[in-house]
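Heads up, the thing below is written out as structure tokens.
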Protein chains: 2
Amino acid sequence: MADRVSKLQSASAYQRSTIRDVAAKANVSVTTASRALNGTGRMSDETRERVRAAAAELDYRPNSIARGLVQQRSFTLGLLTNDMYGRFTLPVAAGLSSAMADRGVSVFLSAGEYEPDSLKLTLGAMEEKRVDGLVITGKRIDRGLPIELPSLGMPVVYVYAAAPEGAVSFVPDDTNAARDAVRHLVNLGRKKIAHITGPRAFKAANLREAGWRSALAEAGLEPFGEAMFSTWTEAHGYAAAHALIAAGERPDAIFCGNDQIARGVIDAFALMGISVPDDIAIVGFDNWEVFAAATRPPLTTVDMGLPGLGRSAGLALLDMIDGEPVAPGIRETPCTLVVRESCGAKPD
Amino acid sequence: MADRVSKLQSASAYQRSTIRDVAAKANVSVTTASRALNGTGRMSDETRERVRAAAAELDYRPNSIARGLVQQRSFTLGLLTNDMYGRFTLPVAAGLSSAMADRGVSVFLSAGEYEPDSLKLTLGAMEEKRVDGLVITGKRIDRGLPIELPSLGMPVVYVYAAAPEGAVSFVPDDTNAARDAVRHLVNLGRKKIAHITGPRAFKAANLREAGWRSALAEAGLEPFGEAMFSTWTEAHGYAAAHALIAAGERPDAIFCGNDQIARGVIDAFALMGISVPDDIAIVGFDNWEVFAAATRPPLTTVDMGLPGLGRSAGLALLDMIDGEPVAPGIRETPCTLVVRESCGAKPD
DNA sequence: CTGAAAGCGCTTACAG
DNA sequence: CTGAAAGCGCTTACAG
């Protein structure tokens, strides 16, 4: 038992083999061993194979710390987020870390408030760890870091966050996604399409509203009233749905700025005895499974492709680290509409 | 513009100062500079101060890679999760990373399916990076890794996941949390307390049911029917609420196994015209803000204290890394009841 | 095709 | 109180 505990708990008595051990076992110099393992240099296949076999036999794991010291690369990235809740960050992080894993780079996660002092601590740690690059993310596309990034001497990429002038950033293409969602409604024959969404202060709300207007205009339709801006909550959707019905003429579809609002709307209609999608079709935004799958009926909604965003950001960062120029600017990445049952179309 | 881009993008022309620069500037040896900065060794305050001033002036950042190489410590931890969704993982990760940040250690996040091949890739990366320890987390307390962990030569801690015999693990104290939740109902004068929860196959569901029974027993009350096991979904809560009412005698309270179920229950009662909490009090489990705050009325529910779990796990891991023995076993960590309005008590 | 040697940036006995 | 030197585990000119 004591043995078992110490085996599980400590590194004591565990001696990793080094490249010297491999070289000795294969009867070559350390230089040759290094080259054989890294696939560099020219050497006979036999030698290379012999070194590889020795490494396998010794269960050799190169020490990337030592390698990093000489190559001046740590093969690590830092990911900063203030989304403690994880709604946006975890999908981004998962996409990022899995794309990076294939390339041998690991990512440090630092989750905390974007408050100057703790940010300074975090950035200091990232500098000391010599991360090769930084990705900064958050929970809204119009907020970035509250401090100016000191000159860190490392490339930085922004994802789902506001970026300073000249930086590289990745955000979902809110406008086109909204346009596609509304086109879906139009194609289904809906003509009186209302819009209920988040606060005017959010850029995402404005972009989605613009998409709504644009899709209506191209279809020759008038907006059904003004967009109803308020909080991103179910309560807003619920209240807005009631207001819409109380106002008299009934829309035949509603494009909602997020899934929570859509949820509130659907709940309100259920209580009023209004049928979705027969009487009114509903589209959401976010494809937040736990909401989109739980509404009755399940919600047709926009998926922002967050893992893809994380992945793209990581790949761009890798290019920058390798010294390849990456054009600065905001990349608006396409979203996809996930069709369920709330609009009456055949689900995907 | 080209300047600005290159400044933001690359490390070119950015030369970090090393401890040699600091030593030179302070007119001391590298040895003394190292000791001054690390607060080790004895030396005059004047010397130490001079070195620190030099470091500050040069904006010196110790290279933790170099330090790690000699100290055989990387000051990093790995966090493995298969909770892509982030529901449990991000709070754990946030608690862990912030507790670790104070101690100069950073944490690698690896999020992906717990599938043997990708797991092997991830573990390999962690080994090459020479992480000092590993924390393994997941989305249910009775599932761990699908493979046996190879002998990694590093300490491992489990959080919100099943752990092998002899390992150190941290989970919420589901039983006592459930007991507290039900006691709350009892103290409010409720006597007919039903239980609607997740699948029997989940350990968490069984523990919470046991807590429910135990609290009732100590109050001299009979369980109101059998616990209703099924999926952790709103749909289950919704259907179970209907079943309960259809069965005739009405409970005066329901302890729900999670917030989604509670949500379904509350929605069902709203449609049936049954008032919460006047007719029936409801308690949930998870304190998942987006549900707990959105129900009408807001939900009284159990908070598992996930950030604290992450923090405790990190601290235990640090002890193990330092060679201090940590008793193996499962640590059941206290939860707290967050009182809102669904039971009729005065909110916190 | 292969190797001896220098060096990445630190820490830490060892010596004074 | 302070420093010269060795060494952590690699990679990479340089030389043959």
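Lettering of chains follows the sequences in order, A, B, ..., and the numbering in each one begins at 1.
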Beyond-backbone contact of B:Val107 with B:Thr76, side-chain heavy atoms, under 4.5 angstrom
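No; the side chains remain at least 4.5 Å from each other.
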Minimum side-chain heavy-atom gap B:Arg50-B:Asn27 below 4.5 Å:
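Yes, close enough: below the 4.5 Å cut-off.
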Separation between the [atom1] atoms of [N] and [M], rounded to whole Å:
N      : M      : atom1 : result
C:dC1  : C:dA5  : P     : 24 Å
C:dC10 : C:dC14 : P     : 24 Å
D:dG9  : D:dA13 : P     : 23 Å

side-chain N/O A:Thr32 vs C:dG3 OP1/OP2, d < 4.0 Å:
yes
Distance-only donor-acceptor check, side chains B:Arg67 and B:Asn38, under 3.5 Å:
yes
Under a plain distance cut-off of 3.5 Å, with no hydrogens placed, do A:Ser34 and A:Thr31 share a side-chain donor-acceptor pair?
no
Please name the pair of heavy atoms, one in A:Tyr114 and one in A:Leu80, separated by the smallest distance, quoted to 0.1 Å.
OH-O, 2.9 Å
Within the 4.0 Å heavy-atom criterion, would you say B:Thr47 contacts the bases, only the backbone, or no part of the nucleic acid?
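Sugar-phosphate, backbone atoms only, no base.
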Using a 3.5 Å limit on both pairing distances, list the dot-bracket string of DNA chain D from the 5' end; Watson-Crick and G-U wobble pairs count, crossing pairs take [ ], interstrand pairs take |.
|||.||||||||.|||
Heavy atoms under 4.0 Å is the rule here; annotate nucleotides 9-16 of chain D 5' to 3' with B where the base is hit, S where only the sugar-phosphate is, and - elsewhere.
BBBBB---
Whole angstroms only, please: what is the CZ-P distance between B:Arg50 and D:dC1?
14 Å
Interatomic distance where CD belongs to B:Glu49 and C1' belongs to D:dC1 [whole Å]:
17 Å
About how many Å separate CG of B:Leu309 and CD of B:Glu332, when rounded to the nearest 0.5 Å?
11.0 Å
For the atom pair OG1 (B:Thr81) and CG (A:Leu90), what is the distance rounded to the nearest 0.5 Å?
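Taking OG1 in B:Thr81 and CG in A:Leu90, the distance rounds to 7.0 Å.
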Can you tell me if A:Asn82 uses its side chain to pair, donor with acceptor, with the backbone of A:Gly138 under 3.5 Å?
no
